[in-house]
Each structure stands twice: as C-alpha cells, then as structure tokens.
Amino acid sequence: MNSLTDFITSLDNIDSLYDLENEVIKGMQRLFRVVVGTYLEALDDYIFNIKQDGYQVINRQPRIINFAFGEVGFKRRYYLYPDGKKGFLLDKKLKLEGKKRLSPYLRSVIASLSQTTTMRNTANVINLLTHNSISAWSVDLIAREIGAKAAEEILITNQSRIQILDLSTILSLRVMRWLLNQKIRVIS
C-alpha cells in the first residue's frame, strides 16, 4: 500500500460501516507507523549533519517503540562522544529512556486509565484500542513508576514551597526587626 489511492481502492470490497471503520483505522495506523519511523530516521540524519566535532559514529542500531498507533521500528546512530562515553544523540534529543518500549504518551495514557479500573481491564482496553500487547503486570509497573515520579515531583514542589516560606518568614522577621529598630531610634 504505497499511496492514498491504493488505500482507497482497497476499501472497494467493504460492505458494512463496521468493516469500513476497522479498515480505515488499520490503514491510518500503518500510515502513522511509516511516517513516524521515517521522521525519526530523518531526525537522526539531521542530528548527524549538525553534530559538533569529536563525535564518532560507531554503527547504526535498531530500536522499536510502541506508540498508541502501533509498533514503529527505526535505526539510529550509536556514537562515541568526545568525553569517551557512548550513546545515541537521537535518544538524548527525544529524551528516550533506555529499554522502554512504550512511548511516553502511551505510558501516560496507561497510567491514567489504570487509576480508574483494574490493571487487567486497563491492559485489555489498551490492547484493544492500540493493537499493542501489554499485560496487567506491565500496566501495574507503569502505574507504579509514573506514580512514584509524580510523588517525587510533588515532594520537590512542596519542599520548594517550604524553602520559599522559610525564606519569606526570615525576610519578614528581618524587616520587622529593622522596623522595630527604626521606631526605637525615632522614639529615643
């Protein structure tokens, strides 16, 4: 299926609205997978062309990420950095975590849905709507991981507020002390 015309022609034998919707969804998901895979490889090429001196390409390695519209495979360059470390500039640019096959968006959808129903039901819904294969155990791990990150962010935010409160309290006390000193000088 190379073009939109081919896709439309493939719909000629559809005889129900259900089948039409199902085929359109599958066709769009295939198209999205091709577009995103091509985009990621083009972005890797762009990064290669603008990278600074000192980065050496070791090889190109495949990566597969599951998105809400399905699995996308692409290749990206593995570099030796000027400081001697190794890594993928594309992964760094996109903030891709190593060994995470699910896209951050899909992970957030899974975590959100898991808050409203059981892990098994969440897995069933995700598998049905995204044509991915995820277990209830994986849903539980994702929910716990994202929950822990959210709790950490809340803790950091609350600590910042406490520090700001402490700072404002200190400043208020200093200002009050200064005012008292000023008043005392005026009176005496």
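The first residue in the sequence is number 1, and the count goes up from there.
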*Do Leu80 and Val57 pass the side-chain contact (heavy atoms from CB on, under 4.5 Å) test, and can you show the C-alpha distance, the side-chain angles, and the key distance before you say yes or no?*
CA-CA 6 Å; Leu80 175 63; Val57 176; over 6 Å; no
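- The stretch residues 31-40 participates, sequence neighbours left out, in no side-chain hydrogen bond (donor to acceptor under 3.5 Å, both in side chains) pair at all.
- Atom CG of Asp12 is surrounded by more than 12 heavy atoms from other residues, nucleotides or ligands within 6.0 Å.
- Every side-chain hydrogen bond (donor to acceptor under 3.5 Å, both in side chains) that Asn59 has, sequence neighbours left out, goes to Gln61.
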*Go through the steps to decide whether Leu40 and Val36 satisfy the test side-chain contact (heavy atoms from CB on, under 4.5 Å), and finish with yes or no.*
CA-CA 6 Å; Leu40 292 172; Val36 171; 3.9 Å; yes
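- Residue Lys93 places its NZ atom among 12 or fewer non-hydrogen atoms of other residues, nucleotides or ligands, all under 6.0 Å distant.
- Once rounded to the nearest 0.5 Å, the distance linking OG of Ser114 with CD1 of Ile142 reads 8.5 Å.
- With sequence neighbours excluded, the residues satisfying side-chain hydrogen bond (donor to acceptor under 3.5 Å, both in side chains) with Asn132 are Thr130.
- Hydrophobic clustering of Ile, Leu, Val, Met, Phe, Trp and Tyr side chains at less than 4.5 Å, counting indirect connections, keeps Ile146 apart from Phe67.
- Counting only residues at least two apart or in different chains, salt bridge (charged side-chain N to carboxylate O under 4.0 Å, His left out) contacts with residues 115-142 comprise Asp140-Arg144.
- Note that the CG atom of Asp91 and the CD1 atom of Ile47 stand 9.0 Å from one another [nearest 0.5 Å].
- Under a hydrophobic clustering in which Ile, Leu, Val, Met, Phe, Trp and Tyr are joined whenever their side-chain heavy atoms come within less than 4.5 Å, directly or via other members, Leu96 and Ile110 fall into different clusters.
- Residue pairs satisfying the ring pair (Phe, Tyr, Trp, His ring centres under 6.0 Å) criterion with at least one member in residues 79-112, sequence neighbours excluded, are listed as follows: Tyr55-Tyr81, Tyr78-Phe88.
- Annotation: salt bridge (charged side-chain N to carboxylate O under 4.0 Å, His left out) contacts involving residues 100-111, sequence neighbours excluded, comprise Glu71-Arg101, Lys100-Glu145, Arg107-Glu145.
- Residue Leu141 belongs to a hydrophobic cluster whose other members are Trp137, with links defined by side-chain heavy atoms closer than 4.5 Å.
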Side chains of residues 14-26: which donor-acceptor partners sit under 3.5 Å, not counting sequence neighbours?
{"from": "Ser16", "atom 1": "OG", "to": "Asp19", "atom 2": "N", "distance (Å)": "3.1"}
{"from": "Ser16", "atom 1": "OG", "to": "Asp19", "atom 2": "OD2", "distance (Å)": "3.2"}

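- What you find for Gly37 and Phe74 is that their closest heavy atoms are O-CB, 4.0 Å.
- Across all non-hydrogen atoms, the minimal contact from Ala111 to Ala143 is CB-CA, 4.4 Å.
- Going from atom CG of Leu102 over to atom CG of Asn66 covers 5.5 Å, rounded to the nearest 0.5 Å.
- For Phe48, the ring-ring contact (aromatic ring centres under 6.0 Å, His included) test picks out no residue, with sequence neighbours left out.
- Summarising the local packing, CZ of Phe32 is surrounded by 12 or fewer heavy atoms from other residues, nucleotides or ligands at distances under 6.0 Å.
- The heavy-atom pair separating Ile134 from Ala123 by the smallest distance is O-CB, 3.5 Å.
- Annotation: side chain to side chain contact (heavy atoms under 4.5 Å, CB included) contacts of Asp44 (sequence neighbours excluded): Arg60, Arg76, Arg77, Leu90.
- Under the 4.5 Å side-chain heavy-atom criterion for grouping Ile, Leu, Val, Met, Phe, Trp and Tyr, Leu106 is not connected to Met28 through any hydrophobic cluster.
- To the nearest 0.5 Å, atoms OG (Ser135) and CG (Asn127) are separated by 8.5 Å.
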*asked:* Set out, in order, the CA-CA distance, both residues' side-chain angles and the distance that settles side-chain contact (heavy atoms from CB on, under 4.5 Å) for Leu113 and Val139, then state yes or no.
replied: CA-CA 9 Å; Leu113 185 58; Val139 168; over 6 Å; no
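- Scored by the side-chain hydrogen bond (donor to acceptor under 3.5 Å, both in side chains) test, Ser112 finds no partners at all (sequence neighbours excluded).
- In this view, Glu97 and Lys149 satisfy the side-chain hydrogen bond (donor to acceptor under 3.5 Å, both in side chains) rule, not counting sequence neighbours.
- Going from atom CD of Gln29 over to atom CG of Leu31 covers 11.0 Å, rounded to the nearest 0.5 Å.
- Side-chain atoms of Glu41 and Lys75, non-hydrogen and from C-beta on, do get closer than 4.5 Å to each other.
- Counting heavy atoms from C-beta outward, Leu129 and Val125 have side chains that approach closer than 4.5 Å.
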